[in-house]
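Please read the structure below before turning to the comments.
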Amino acid sequence: MLQKDFYQRADVVQIAKDLLGKYLITNFNGQITSGMIVETEAYAGVNDKASHAWGGRVTERTKIMYQQGGTAYVYLCYGVHSLFNIVTNQAGIPDAVLIRGILPFEGLDIMLHRKKAQKIGAGFGIGPGKVSQILGIHFSVTGTPVTILDADEAAKMPDIWVEDRGKEIPDSGIIHTPRIGVDYAGEDAALPWRFILK
DNA sequence: CGTTGGATCTTCT
DNA sequence: GAAGATCCAACGC
């Protein structure tokens, strides 16, 4: 499991790239599902117009982004989809990485059941709404940790976490493009902060 | 195959 | 009261 020092680094763009090829795992009620992360987007704090926390806005929803790195930030989009992000950097700095796509790995039958699908076709697991759906992530889990944040050795395992299973990703294997659905963000909409594993 | 619009509800103005 | 870090099925070509 990735430790909090991975998430609490200052460079959210680097973290978004580092997360490619890692495995995102959930365990809700003993139902374990996982997949390899193949698409991410970086959202960089108060200076990023595309971020919910742009300009230092703090609301009931966005206050989660100001927690320490290693916290899950999940929120409802279009009233239909839960989008899963991992908060990065130190407490007080609202950086986050949106997980946009995974390659399903474990618990395929559970994923199919959650998605009410018969079989896994092309694009299964690609898209932030679908990632949350097949992994069973609901927006109510926002604010829960994705790693051990306390020094306490008795700290319990999180329901959601990320593992490094040794896959090396060379820079040449990463495609970077502008982020999706953030046209309202002015010049920040053009930042190449969406990362895709080939 | 490209385009369109409906679903659906929290959050902020 | 309006908009949103989306998805998918239904249409039209």
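Per chain, numbering begins at 1; letters A, B, ... match sequence-line order.
The backbone N or O of A:Gly45 sits less than 3.5 Å from a side-chain atom of A:Asp95, completing a donor-acceptor pair. Formation of a donor-acceptor pair under 3.5 Å by the A:Glu41 side chain with backbone atoms of A:Trp193 is not found in this model. Remark: side-chain polar atoms of A:Arg179 are not paired, donor with acceptor, to backbone N or O of A:Arg194 under 3.5 angstrom. Checked by atom type and distance alone, the side chain of A:Lys4 pairs as donor or acceptor with a backbone atom of A:Leu149 at under 3.5 Å.
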I'd like a table of atom pairs between the protein and nucleotides 4-8 of chain B - only N or O on both sides, under 3.5 Å - with the distance next to each one.
residue, atom, partner, partner atom, Å
B:dT8, O2, A:Tyr78, O, 2.6

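Taking each heavy atom of A:Lys115 and A:Ile134 in turn, the nearest pair found is CD-CG2, 3.9 Å. Summarising the geometry of A:Ala189 relative to A:Val182, their closest heavy-atom pair is CB-O, 3.2 Å, with the distance given to 0.1 Å. When every heavy atom of A:Arg57 is checked against every heavy atom of A:Thr62, the shortest pair comes out as O-OG1, 3.4 Å.
A:Tyr73 and A:Val13 sit in two unconnected hydrophobic clusters of ILVMFWY residues. Membership requires side-chain heavy atoms under 4.5 Å apart, directly or through other members.
Here the rule is side chain to side chain donor-acceptor pair (under 3.5 Å) with A:Arg9, and of A:Thr88, A:Asn89, A:Asp18 only A:Asp18 fits it.
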Under the rule of Watson-Crick or G-U wobble with both distances under 3.5 Å, where | means paired to another strand and [ ] a crossing pair, DNA chain C maps to ||||.|||||||.
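Residues of residues 91-102 of chain A having a heavy atom closer than 4.0 Å to DNA chain B: none are found. Across residues 109-129 of chain A, not one residue has a non-hydrogen atom less than 4.0 Å from an atom of DNA chain B. Within residues 35-56 of chain A, the residues approached by DNA chain C to less than 4.0 Å at the level of any non-hydrogen atom are A:Tyr43, A:Ala50, A:His52, in residue-number order.
Using a 4.5 Å heavy-atom cutoff, the side chains of A:Val141 and A:Asp159 are not in contact.
If you measure from atom CZ of A:Arg61 to atom P of B:dT11, you get 8 Å, rounded to the nearest angstrom.
Protein chain A touches strand DNA chain C; the 5'-most and 3'-most nucleotides with an atom under 4.0 angstrom of its non-hydrogen atoms are C:dG4 to C:dC8.
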Return all side-chain donor-acceptor pairs below 3.5 angstrom for residues 117-127 of chain A, not counting sequence neighbours, or 'none' if the list is empty.
none

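Through side-chain heavy atoms spaced under 4.5 Å, either directly or across other Ile, Leu, Val, Met, Phe, Trp or Tyr residues, A:Ile196 is tied to A:Ile175.
A distance of 6.5 Å separates CE in A:Met157 from CD1 in A:Ile148, rounded to the nearest 0.5 Å.
With sequence neighbours left out, A:His52 forms a ring pair (Phe, Tyr, Trp, His ring centres under 6.0 Å) with A:Tyr75. Applying the side chain to side chain donor-acceptor pair (under 3.5 Å) test to A:Thr144 and every residue at least two apart in sequence or in another chain returns nothing. The side chain to side chain donor-acceptor pair (under 3.5 Å) search around A:Thr142 returns none, not counting sequence neighbours.
Screening residues 3-49 of chain A for ring pair (Phe, Tyr, Trp, His ring centres under 6.0 Å) gives A:Tyr23-A:Phe105 as the qualifying pairs, with residues at least two apart or on separate chains.
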